[in-house]
Amino acid sequence: MPELPEVQTVVNSLNELIIGKEITSIEELHPRTLINQKNINIIGSKIISVNRRGKYLIFVSDGDWKILAHLRMTGKFIIVKNYDKTEKHIRALIRFSDDSYLLFKDVRTFGFMEILKANDKPNSLEKLGPEPLLKSFNKKYLTEKLRNRKGSIKTILLNQHIIAGLGNIYVAEILYKAKISPLRAGNSLKKNEIDLIVKYTKSILKKAIEKNGTTIIDFSGVDQKSGEFQNFLHVYQKKRCKCGNPIIKIKQAGRSSFYCERCQK
DNA sequence: CCATTGACCTGAGCGC
DNA sequence: TGCGCTCAGGTCAATG
C-alpha cells in the first residue's frame, strides 16, 4: 500500500534508472490504465526527471508533455531488460531505445498513467493539501484546518485535500506516537496535541523514507526489493502494544484503525 | 462547506 | 478440495 515514503522510494529509483532514456513505444495492456485523452505523441522524447506530489508520480519529459501516475494500492513500476510476456498483471509498458522497458504492474487495476501537456494543472494535484515535509505543513495550518471539523482525526489525516501523502499505516503510527486516539474529533485537539501530530508526521515520514518505505503486503521498490520500515511499526497490524495492552482494531469510514486504548487518549 | 457511503478491482485467507 | 464470504485500501462521485 504505497503512501508517501513508498512513492518517494519509487521516485528515487526511477531517477536513477530511466533519466535520459528515449521512448520508442508505449502500450496499454489493460483498459483504463493508460489515459491519453489529448492524443499526445510521446515517441522520440526523453524522460528528464521524475517527481512526487502527495502519492502521485510525475514523469517530466524534454517534450511538451508529462505523465501523471498513481499506484493506488497495488501498482508497481519495474525496469527490465527483457520483457516476459507471460508475467501477470502488467497493465502498461514503455519501451526505450536501449531496448529496456518500464513496466506498470498492478494486480487490482486501480492505478493509472495519464499523459498530459507539460503545462496542464490537473485538478487532482491542484486540490492536494500541503506536502507534510515542507514548512507549509505546520502547527498554524493544521490548527486552522481542524478548527471546525468534528470528524475523527484519523479520517481527517487521511484526507489528501488537508495533507497530501498519508495513508492508513502512517496515520496509525503518527497517532500512536502523539498518544492521540484515532476516534478524537478534529476540533477537540489541544494546541500541544496538534503540535505533536505535526512533529511526528515529519519525523516518521523522514525515517520511513530513509528505510525505503514499508513492505506489508503490496509494496516493493522498482528493484523489487522490500522496504524496511515495517520493522519500526508500533500499532499497524500489531497484536500488542509495548505497554502490554492489546492493540484494538476498529473500523472508521470503512478503513481499519489500530490503536492502544491505554496509551492513546 | 462538511461528513458519510459505495464503487472500482483481484487475490489471499478463512470457515465449513 | 473447493465453495462462498470477508478483507485489503486510495480516490472520487453521489447523497444528505
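Hydrogens, waters and symmetry mates play no part in the numbers below; they use all other heavy atoms, side chains included. Naming: A, B, ... by sequence-line order, numbering from 1 per chain.
The nearest whole Å value for the distance from the CZ atom in A:Phe258 to the P atom in C:dC7 is 12 Å. Rounded to whole Å, atom C1' of C:dA8 lies 9 Å from atom CZ of A:Arg255. Rounded to whole angstrom, the span from the CD atom of A:Gln230 across to the C1' atom of C:dA8 amounts to 17 Å. Per the geometry, CD belonging to A:Gln237 stands 11 Å off C1' belonging to C:dC7, to the nearest Å. Between the CD1 atom of A:Ile162 and the P atom of C:dG10 there is a distance of 15 Å, given to the nearest Å. Rounded to a whole Å, the OH atom of A:Tyr56 is 12 Å from the P atom of C:dG10. Spacing between atom CD1 of A:Ile250 and atom C1' of C:dA8 amounts to 17 Å, rounded to whole angstrom units. C:dG10 atom P lies 12 Å from atom CG of A:Leu71, rounded to whole Å.
The pair A:Asp195-A:Lys191 does not count as a salt bridge, with every side-chain nitrogen at least 4.0 angstrom from each carboxylate oxygen. Using a 4.0 Å cut-off between charged nitrogen and carboxylate oxygen, A:Glu131 and A:Arg53 count as a salt-bridge pair. Between A:Glu193 and A:Arg184, at least one side-chain N (NZ, or NE/NH1/NH2) sits under 4.0 Å from a carboxylate O, which counts as a salt bridge. Taking the charged nitrogens against the carboxylate oxygens, A:Lys55 and A:Glu6 have no contact shorter than 4.0 Å, which rules out a salt bridge. For A:Asp106 and A:Lys76, the salt-bridge test fails: no basic side-chain N is under 4.0 Å from an acidic carboxylate O.
Within a heavy-atom distance below 4.0 Å of DNA chain C, the residues of residues 110-131 of chain A found are A:Phe110, A:Ser124. Near-neighbour residues of DNA chain B inside residues 147-158 of chain A, defined by a heavy atom below 4.0 Å, number-ordered: A:Arg149, A:Lys150, A:Gly151.
In terms of hydrophobic clustering, with Ile, Leu, Val, Met, Phe, Trp and Tyr side chains grouped at heavy-atom distances under 4.5 Å, A:Phe137 and A:Leu125 are assigned to different clusters.
Taken over five-pair windows at either terminus, the axes of the helix from B:dC2-C:dG16 to B:dC16-C:dG2 are inclined to one another by 50° (rounded to 10 degrees).
Nearer to the 5' terminus of DNA chain B, by closest-nucleotide assignment, is the contact made by A:Lys145 (compared with the other of A:Lys145 and A:Arg72).
Among the heavy atoms of the strands, none lies under 4.0 Å from A:Lys88. Here A:Lys249 lies in heavy-atom contact (under 4.0 Å) with sugar-phosphate atoms only.
Residue pairs satisfying the side chain to side chain donor-acceptor pair (under 3.5 Å) criterion with at least one member in residues 132-145 of chain A, sequence neighbours excluded, are listed as follows: A:Glu144-A:Arg147.
A centroid separation of less than 6.0 Å is found between the aromatic rings of A:Phe77 and A:Phe59.
Applying the ring pair (Phe, Tyr, Trp, His ring centres under 6.0 Å) test to A:Tyr101 and every residue at least two apart in sequence or in another chain returns A:Tyr83.
Between A:Ile58 and A:Lys66, the shortest heavy-atom distance links the atoms CG2-CD, 4.2 Å.
A donor-acceptor pair under 3.5 Å is formed between the side chain of A:Glu28 and the backbone N or O of A:Leu34. No donor-acceptor pair under 3.5 Å is formed between the side chain of A:Arg52 and the backbone N or O of A:Val11.
Within the 4.0 Å cut-off from OP1 or OP2 of C:dG10, not a single side-chain nitrogen or oxygen of A:Gln160 is found.
In this structure, the separation between CD1 on A:Ile174 and CG on A:Leu205 is 5.5 Å, given to the nearest 0.5 Å.
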Report the C-alpha separation of A:Tyr170 and A:Phe229 in whole Å, then their side-chain angles, then the decisive distance to 0.1 Å, and conclude whether the ring pair (Phe, Tyr, Trp, His ring centres under 6.0 Å) test is met. CA-CA 10 Å; A:Tyr170 292 102; A:Phe229 193 73; 5.7 Å; yes
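Taking every nucleotide of DNA chain B with any atom under 4.0 Å from a non-hydrogen atom of chain A, the first and last of them, 5' to 3', are B:dC2 to B:dG11.
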